[in-house]
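Both counts, for ligands and for their atoms, begin at 1 and track the order of listing.
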Amino acid sequence: MDKIVIRGGRRLAGTVTASGSKNAALPVLVSALLADGPCTYDNVPDLRDIHSTVELLRHLGATADFAGNRVVVDPGGFCNPEAPYDLVRKMRASILVLGPILARLGRARVSLPGGCAIGARPINLHLKALARLGADIRLEHGYVTASCPRLKGADITFDIPTVGGTENLLMAAALAEGVTTLRNAAREPEIVALADALNAMGAHITGAGTATIEIQGVEALKAASQTIIADRIETGTYMVAAALTGGDVKIEGCRPDHLEAVIDKLRLTGTAVETGGDWMRVRGAPVPRGVDIKTQPYPGFPTDMQAQFMVLAAVASGSSVISETIFENRFIHVSELRRLGADIVVSGNTAVVKGQNRLSGAPVMATDLRASASLVLAGLVAEGTTEINRVYHLDRGYEDLEGKLAGLGADIRRVPAGG
Ligand code: EPZ
């Protein structure tokens, strides 16, 4: 497998452009299954998870072409109701096809995704809500089987806000008979992006971005085009890279309005953040100050930025307390960061990080996307060489990570397998 090798100590400076959002693109591409003609999506990031989604759409019978940053999905041949284990195990987000397959074909058979490195990640809330729309749901032989000739709108309150659950329900309810109200819905920008894509296809969805979403079901949805929003987590990762290295980085094509909690915390570390409509300039302090973080559903501080902020805390002055409230096992980066010299003590869902004035490079690896990103960030400031293995995880979620960081002055290169 490829690895990434970084020689730390370079200050990052210059301009980088944000890519399209992985987590917005995944449900939006899947939503094409609901259309009656080809849908075109631009600004789609060239990532392993997007290729997996294209493969899944093709397996279901749709035509999907990915060229440049454009994906065209033609659901004309979509007739297969089954998403098999082999495809779902590659990418948990495959569960997002459950709602559209059921809504369109009246039955679906989708492999249960199982847990992943960051937690058990059940889908009980997706299933409970689909059952409220009238679906007969069964779990057998590792698969969810759902059937219902036509879903019926219902008033549904989620026990906790779930991003994937809200997305699955938006897609299912868009073609249901009557009105569906989702309460305690997730409010992430990716939910708004999906609702916008569905509305462009003729759906009637209001309230996306708030905790209460109303969906007036329609008989059919038409083909439409959509441009994928900027990736707020990729942007946040470059913000931390700038802050960590005492750098001066402008990020273009981004959405500062999606990053308010991250910007607030970064400013508390002494980092200067200037924002415009679609750009940000981030200037790091000579030594950042420690800051306490508690992850929360949007608009709170994102769990997907927790690992990256832990690296900042690891080299900051003073101590930081970092609490992870979304996933039960999202501290997998801690033991690897300790190998680089970070002083981190974990107790339950809380990590106490005592800032050090130096980290030292070493070979590391992680089993999750954002954990791997945090190791790259640590490598940028560690003395000597850091070698990040299992680059596979980074390729799932960061478009041209090493190219973008090298463009900002980092000493970083990818060494192909066997190289
Ligand atoms: C999405 O995952 C993102 N993935 C994750 O990004 C992100 O970390 C997460 O939302 C939280 O922001 C995609 O968008 C593809 P949830 P999702 O359902 O939808 C519990 C990354 O690094 N829960 O909002 O799976 C769940 O266990 C990834 O890009 C249930 O209990 O997250 C968690 O504790 C990783 N039952 C909480 O809810 C359910 O049925 C929030 O999960 C569903 C969720």
Side-chain angles (χ1 to χ4, degrees), residues 19-31 45 47-50 52-53 56 88 90-99 110 112-132 137 139 144 156-171 182 184-194 211 228-229 231-237 258-259 261-262 295-308 323-330 332-333 349 366-374 393-399:
S19 291
S21 159
K22 165 180 84 83
N23 289 345
L26 296 175
V28 167
L29 292 182
V30 163
S31 73
L47 299 171
R48 193 179 285 259
D49 275 7
I50 302 293
S52 301
T53 305
L56 176 59
V88 177
K90 277 195 203 164
M91 186 185 62
R92 288 195 92 263
S94 304
I95 192 63
L96 293 173
V97 296
L98 180 59
V110 177
L112 281 164
C116 80
I118 62 176
R121 305 186 71 184
I123 56 157
N124 58 316
L125 302 177
H126 303 222
L127 302 184
K128 208 165 115 183
L130 288 171
R132 293 291 316 282
I137 309 254
L139 300 182
V144 183
I156 296 165
T157 302
F158 286 109
D159 293 344
I160 48 173
T162 154
V163 175
T166 304
E167 291 167 347
N168 240 331
L169 264 288
L170 277 182
M171 292 188 277
L182 302 178
N184 201 23
R187 291 181 280 166
E188 271 68 2
E190 294 76 21
I191 302 289
V192 178
L194 176 61
I228 303 300
I229 57 170
D231 194 314
R232 62 192 168 102
I233 305 301
E234 187 209 27
T235 302
T237 304
H258 292 166
L259 281 151
V262 172
T295 64
Q296 298 278 327
Y298 191 86
F301 188 90
T303 173
D304 291 346
M305 283 300 301
Q306 179 257 108
Q308 299 89 318
S323 310
E324 172 57 55
T325 74
I326 309 293
F327 292 111
E328 68 273 20
N329 194 31
R330 213 172 195 184
I332 22 189
H333 40 285
N349 73 343
T367 47
D368 150 55
L369 168 60
R370 308 305 169 187
S372 301
S374 78
H393 292 288
L394 289 166
D395 292 341
R396 293 187 54 190
Y398 288 91
E399 191 175 52

Verdict with reasoning, Leu127 to Leu139, per side chain to side chain contact (heavy atoms under 4.5 Å, CB included)
CA-CA 10 Å; Leu127 302 184; Leu139 300 182; 3.9 Å; yes
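Remark: Arg92 does not engage Asp49 in a salt bridge, criterion side-chain N to carboxylate O under 4.0 Å. Salt bridge status for Lys22 with Glu234: absent, with no side-chain N to carboxylate O gap under 4.0 Å.
In terms of protein heavy-atom proximity, atom 31 (O) of ligand 1 is closest to Pro122 CG, 3.4 Å. Protein heavy atom at the shortest distance from atom 32 (O) of ligand 1 is Phe327 CZ, 3.9 Å. Nearest protein heavy-atom neighbour of atom 12 (O) of ligand 1: Thr303 CG2, 3.9 Å. Of all protein heavy atoms, the one closest to atom 17 (P) of ligand 1 is Arg121 NH2, 3.7 Å. Protein heavy atom closest to atom 4 (N) of ligand 1, with residue, atom name and distance, is Asn23 ND2, 3.7 Å. Given atom 40 (O) of ligand 1, the protein heavy atom at minimum distance is Leu125 N, 2.7 Å. In terms of protein heavy-atom proximity, atom 5 (C) of ligand 1 is nearest to Asp304 OD2, 3.8 Å.
For Leu194 against Ser31, the heavy-atom pair with the smallest separation is CD1-CB, 3.9 Å. Contact between Val28 and Ala193 at its shortest, heavy atoms only, is CG2-O, 4.1 Å. Of all heavy-atom pairs between Glu190 and Ala24, the closest is CG-N, 3.6 Å. Scanning all heavy atoms of the two residues, the minimum distance from Gly99 to Asn168 falls at N-OD1, 2.8 Å. When all heavy atoms of Pro45 and Ala25 are compared, the pair lying nearest together is CD-CB, 4.2 Å.
For Val163, heavy-atom contacts with ligand 1 shorter than 4.0 Å involve the backbone as well as the side chain. Using a 4.0 Å cut-off between heavy atoms, Asp368 makes no contact with ligand 1 at all.
Any N or O atom pair closer than 3.5 Å counts here, and Ile160 shares no such pair with ligand 1. Remark: ligand 1 and Glu167 share no N or O pair separated by less than 3.5 Å (distance only, no angle test). For Arg330, a nitrogen or oxygen atom sits less than 3.5 Å from a nitrogen or oxygen atom of ligand 1, counting backbone and side chain alike.
Under the side-chain contact (heavy atoms from CB on, under 4.5 Å) criterion, Thr235 pairs with Ala18, Met239, Ile251, Cys254, Leu259, Met280, sequence neighbours left out. Under the side-chain hydrogen bond (donor to acceptor under 3.5 Å, both in side chains) criterion, Thr295 pairs with Glu324, not counting sequence neighbours.
Compare Asn124, Asp231, Thr325, Thr162 by their heavy atoms: the one nearest to atom 18 (O) of ligand 1 is in Thr162. The residue among Ala25, Ala93, Gly164 with a heavy atom at the shortest distance from atom 19 (O) of ligand 1 is Gly164.
In this structure, Lys22 is part of the shell of residues with a heavy atom less than 4.0 angstrom from ligand 1. The closest approach between Arg370 and ligand 1 falls below 4.0 Å for a heavy atom of the residue.
Using a distance-only test at 3.5 Å, with no hydrogens or angles considered, no donor-acceptor pair links the side chain of Asn184 to the main chain of Thr157.
The ligand atoms of ligand 1 that sit less than 4.0 angstrom from a heavy atom of Ile326 are 33 (C), 34 (O), 41 (C).
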